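This report refers to the structure that appears directly beneath it.
Keep in mind that this is a model prediction, so the values were computed, not measured. Basis for what follows: all heavy atoms, side chains included, without hydrogens, waters or symmetry-related copies.
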Amino acid sequence: MILYPAIDLKDGQAVRLVHGDMDRATVFNDDPAAQARAFVDAGCQWLHLVDLNGAFAGTPVNAAPVEAILKACPVPAQLGGGIRDMATIEMWLSKGLERVILGTVAVENPDLVREAARAFPGHVAVGIDARDGKVATKGWATETDVDATDLAKSFEDAGVAAIIYTDINRDGAMGGPNIPATEALAQAVSIPVIASGGVSSLDDLTALKDTGVISGAISGRALYDGAIDLAAALAMLKD
């Protein structure tokens, strides 16, 4: 199982939100590229980046820090937030991003996800952000009646590289991930599923790994707060 350290970008800084609330942001580093390098130096194999402003704006906002991270770090990175058309997808992949994460458009324009996955095999992931099992879009500000599992199943034949499943109620709250819901989603589809939201201890990572069906986990606040030692976590996941 791959551990993806998260760098959430707001106003050019690396932050963490609680439950996706932009008004409840804690700044952890005003140099996101330096933060990314620290994660790489600790041994991480991937980076998970989110343009929080972009998620609300619907277009990239924190492009400069993302580009700085891509230039500074030799490991692959995935990015979500504000990626809602083919031109933006092409732009990010041309700049060295390994994987784009499509969230809002997965609900509003699923044909774009399919088109992008065909055009860029292995480089397109779907971000499914859910509150009580129902998908939320536009930076989690818009509630929908779309069931998370139904949405995941709808892309079963699309060729997407991964599904990133975030339980919004767990995100940034250090209360542990929603393992049953994530495991059930992973069992419902053949697409690799990455867990996000609430991953806050080595025990959480062990429990996710022990499901045998979850391919990755994203953690942010726990790494910044020191609740998870990144090097120790990476060593544990290799066993």
Partners passing salt bridge (charged side-chain N to carboxylate O under 4.0 Å, His left out) against [X] (at least two apart in sequence or in another chain):
X	answer
Glu108	Lys138
Glu90	none
Asp157	Arg114
Asp204	none

Problem set entry | ILVMFWY clustering at 4.5 Å (side-chain atoms), partners of Ile194 |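 Other cluster members: Ile2, Tyr4, Trp46, Ile101, Ile164, Ile218.
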For this session: With the side chain counted from C-beta on, respond yes when Pro32 and Leu9 share a heavy-atom pair under 4.5 Å apart, and no when they do not.
Result: yes
Exercise. Should Leu49 and Gln78 count as side-chain neighbours, where that means a heavy-atom distance under 4.5 Å?
Worked result: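 Not touching, per the 4.5 Å side-chain cut-off.
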Residues which pass side-chain contact (heavy atoms from CB on, under 4.5 Å) with [X], listed by chain and number, not counting sequence neighbours:
X	answer
Gln13	Val15, Val27, Asp30
Met22	Lys10, Leu17, Leu52, Asn53, Phe56
Asp41	none
Asp132	Asn169

Please tabulate, one pair per line, all N/O donor-acceptor pairs under 3.5 Å involving side-chain atoms of residues 64-77, not counting sequence neighbours.
none

Problem set entry | Test item: side-chain donor near acceptor, Asp203 and Thr206, under 3.5 Å | no
Exercise. Taking 4.0 angstrom as the limit, do Asp145 and Lys134 come out as a salt bridge?
Worked result: no
For this session: Using the test ring pair (Phe, Tyr, Trp, His ring centres under 6.0 Å), find all partners of Phe39 that sit at least two apart in sequence or belong to another chain.
Result: Tyr224
Under 3.5 Å, side-chain donor or acceptor atoms of residues 120-129 against the rest of the protein: list the pairs with distances, not counting sequence neighbours.
unit_1: His123; atom_1: ND1; unit_2: Glu98; atom_2: O; d: 2.6
unit_1: Asp129; atom_1: OD1; unit_2: Thr166; atom_2: OG1; d: 3.4
unit_1: Asp129; atom_1: OD2; unit_2: Trp140; atom_2: NE1; d: 2.7

